[in-house]
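Reviewing the structure listed below.
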Protein chains: 2
Amino acid sequence: MDVAHSEVFHTGTPVACSSCQARHGVVCGALSDHQLKELGRHSLRRKVDAGAEIIAQGAETSFYSNIMRGVVKLCKVMPDGRQQIVGLQFAPDFVGRPFVRESTLSAEAATDAEICVFPRNLLDRMIAETPELQRSLHDQALKELDAAREWMLTLGRRTAEEKVASLLHLIATHAEPQTAISAAFDLPLSRAEIADFLGLTIETVSRQMTRLRKRGVIVIENSRHIVVPDMDELEKISA
Amino acid sequence: MDVAHSEVFHTGTPVACSSCQARHGVVCGALSDHQLKELGRHSLRRKVDAGAEIIAQGAETSFYSNIMRGVVKLCKVMPDGRQQIVGLQFAPDFVGRPFVRESTLSAEAATDAEICVFPRNLLDRMIAETPELQRSLHDQALKELDAAREWMLTLGRRTAEEKVASLLHLIATHAEPQTAISAAFDLPLSRAEIADFLGLTIETVSRQMTRLRKRGVIVIENSRHIVVPDMDELEKISA
DNA sequence: CGCATTCTTGACCATCTTCAATTAAAGTGG
DNA sequence: CCACTTTAATTGAAGATGGTCAAGAATGCG
């Protein structure tokens, strides 16, 4: 057991799968009762404070996790410090990159979060033994690929205003999955993180937020809590 | 057999797998002799002119293909016409989006190309029956995901000069895989396509190319043929 | 050879960034 | 609980990067 691995495992608590939110998620939903029990024996729940790193860019991946609660951001940083968030993951998503020793990005808790951590070796073995699980993870990978490409369109071709509106729309639809006319939600990201997701600066994000507020598209109850009276309007602005 | 499907199949020629470039590629490399023969019976080789669409955004996906020769670009377009290239694929890559009826992007030949086309139903069945194949496609999906996220960093956080240098570097390393000091290659993309890949305009791409030329980083033999005397220099500029 | 398309170049302009100052919010310790 | 510090967010002014518009050069094709 290597350092990063044991570090994680010593700070968690035993796992109870039966009442788990991710019981029917990407990983656990594809396992037999027997496998679930085995995975459970080697897994631990762990609380992660907002901002804490789950896996570092360039680090060896000795474990995978399921998100139980909270939001996780996937980041890439350049040697000179420029940073780009390349994905957001929500419960009960799987976090990890199978088939590769070294992580090409870092995963960080954006909000306080809870994750269920399990050793890489064990899951890799189960993937090899369980076509159902392989298929399930393949499916999540393809969905993430679709999302990444959708975001490439946002990064490359949308204006600052459209970018901010797109992000608010993305988060709103994740927070309130029911297709309501209006939405109210907490932003899981700071202005700086939003900027890193949109390829903008903090100042531009802030200015676009106040522009949307002045136009009546959003209400900023406080910097983290947003109300969208008319989701269609927001979607129209995202283009 | 639906329209798009038959359209494709009527314009191809029978397949000979034994001497095929993709014989050990993502799809065919994972098949048994028996399966390969069956897939071969239902596949056809097809020539695709540069610019021709292989699959349209929003269209029903009734077939998949392997790239035998040439470069394929994956595009997303917005209702107002803004366009973003979200991926490049080279031989012997697999083109298609398993598990989903409708394509969220279009695939277009960037250069004259040759593809090997096979019906979706058949490959879907083989995927379900062949863990090896599932694994192989899963692996390609994860590699494309890595590439997409790497490109998100380029789109979001690099300057125009760095973007152009990054693209030249990407294409150079694909054209001349041996890690040489210098490289010479044909661009598979027009200036307009480069702009759509980098989230820039044609003019900015052109200006950055001449800047790189004046600095001696590249030699533009003609607008499509580029020589890079010092790849390290180019990589340094891509940041 | 002539027309059409692609690429390059220039001048001007808009958007977004940078730098700087101010306000608001969130911790901290007495 | 409240001053005090620290951090996050907003706002303003000036500047730079990249976009737009327009003209000209190069290339390719019938």
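Hydrogens, waters and symmetry mates play no part in the numbers below; they use all other heavy atoms, side chains included. So that the names make sense, note that chain A is the first sequence line, chain B the second, and so on, each numbered from 1.
Nucleic acid contact class of S206(B) (heavy atoms, under 4.0 Å, all strands): base.
Counting only residues at least two apart or on different chains, no ring-ring contact (aromatic ring centres under 6.0 Å, His included) pair has a member in residues 218-238 of chain A. Contacts classified as ring-ring contact (aromatic ring centres under 6.0 Å, His included) and involving residues 187-207 of chain B (residues at least two apart or in different chains) are given here: W151(B)-F197(B).
Classification of K47(B) and E114(B) as a salt-bridged pair fails, no side-chain N sitting under 4.0 Å from a carboxylate O. Note on E161(B) versus R215(B): salt bridge recorded, some NZ/NE/NH1/NH2 to OD/OE distance being below 4.0 Å. Checked for salt-bridge contact, R157(B) and D196(A) meet the test: a charged N lies under 4.0 Å from a carboxylate O. Using a cutoff of 4.0 Å between basic side-chain nitrogens and carboxylate oxygens, E144(A) and R149(B) are scored as salt-bridged. With salt bridges taken as basic N to acidic carboxylate O contacts below 4.0 Å, one links E150(A) and R158(A).
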Shorter than 3.5 Å, N or O on both sides, protein versus nucleotides 13-15 of chain C: list them out with atom names.
none

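Residues that satisfy the side chain to side chain contact (heavy atoms under 4.5 Å, CB included) test with A175(B), not counting sequence neighbours, are F185(B). With sequence neighbours left out, the side-chain hydrogen bond (donor to acceptor under 3.5 Å, both in side chains) criterion links Q208(B) to no other residue. In terms of the side chain to side chain contact (heavy atoms under 4.5 Å, CB included) criterion, residue partners of P98(A) (sequence neighbours excluded) are, by chain and number, Y64(A), F94(A), I127(A), L142(B). In terms of the side chain to side chain contact (heavy atoms under 4.5 Å, CB included) criterion, S182(B) has no residue partners (sequence neighbours excluded). In this view, D49(A) and D112(A) satisfy the side chain to side chain contact (heavy atoms under 4.5 Å, CB included) rule, not counting sequence neighbours.
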Subject >> Residues E162(B), K236(B); criterion salt bridge (Lys or Arg N to Asp or Glu O under 4.0 Å); working and verdict >> reply: CA-CA 9 Å; E162(B) 291 169 338; K236(B) 212 166 63 195; over 6 Å; no

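Contact footprint of chain A on DNA chain D: nucleotides with an atom under 4.0 Å from a non-hydrogen protein atom, first to last in 5' to 3' order, dA9(D) to dA13(D).
With S103(B) contributing its side chain and L105(B) its backbone, the two residues share a donor-acceptor pair below 3.5 Å. A donor-acceptor pair under 3.5 Å is absent between the side-chain atoms of S206(A) and the main chain of E203(A), judged by distance alone.
OP1 or OP2 of dT17(C) has at least one side-chain nitrogen or oxygen of T204(A) nearer than 4.0 Å.
With hydrogens and angles left out, the side-chain atoms of R120(A) and S62(A) include no donor and acceptor closer than 3.5 Å.
Whole-Å rounding puts the I202(B) CD1 to dT6(C) C1' distance at 8 Å. L200(B) places its CG atom 15 Å from the P atom of dC7(C), with the value rounded to the nearest Å. Distance, H225(B) NE2 to dT6(C) C1': 19 Å, rounded to whole Å. Going from atom CZ of R191(A) over to atom P of dA25(C) covers 11 Å, rounded to whole Å.
Side chain E203(A) to base dC16(C): no donor-acceptor pair is found below 3.5 Å.
Within a heavy-atom distance below 4.0 Å of DNA chain D, the residues of residues 207-223 of chain A found are R207(A), T210(A), R213(A), S223(A). Less than 4.0 Å separates DNA chain C from no heavy atom of any residue of residues 75-89 of chain A.
The overall bend of the helix from dC1(C)-dG30(D) to dG30(C)-dC1(D), read as the angle between its terminal helix axes built from five base pairs each, is 50° when rounded to 10 degrees.
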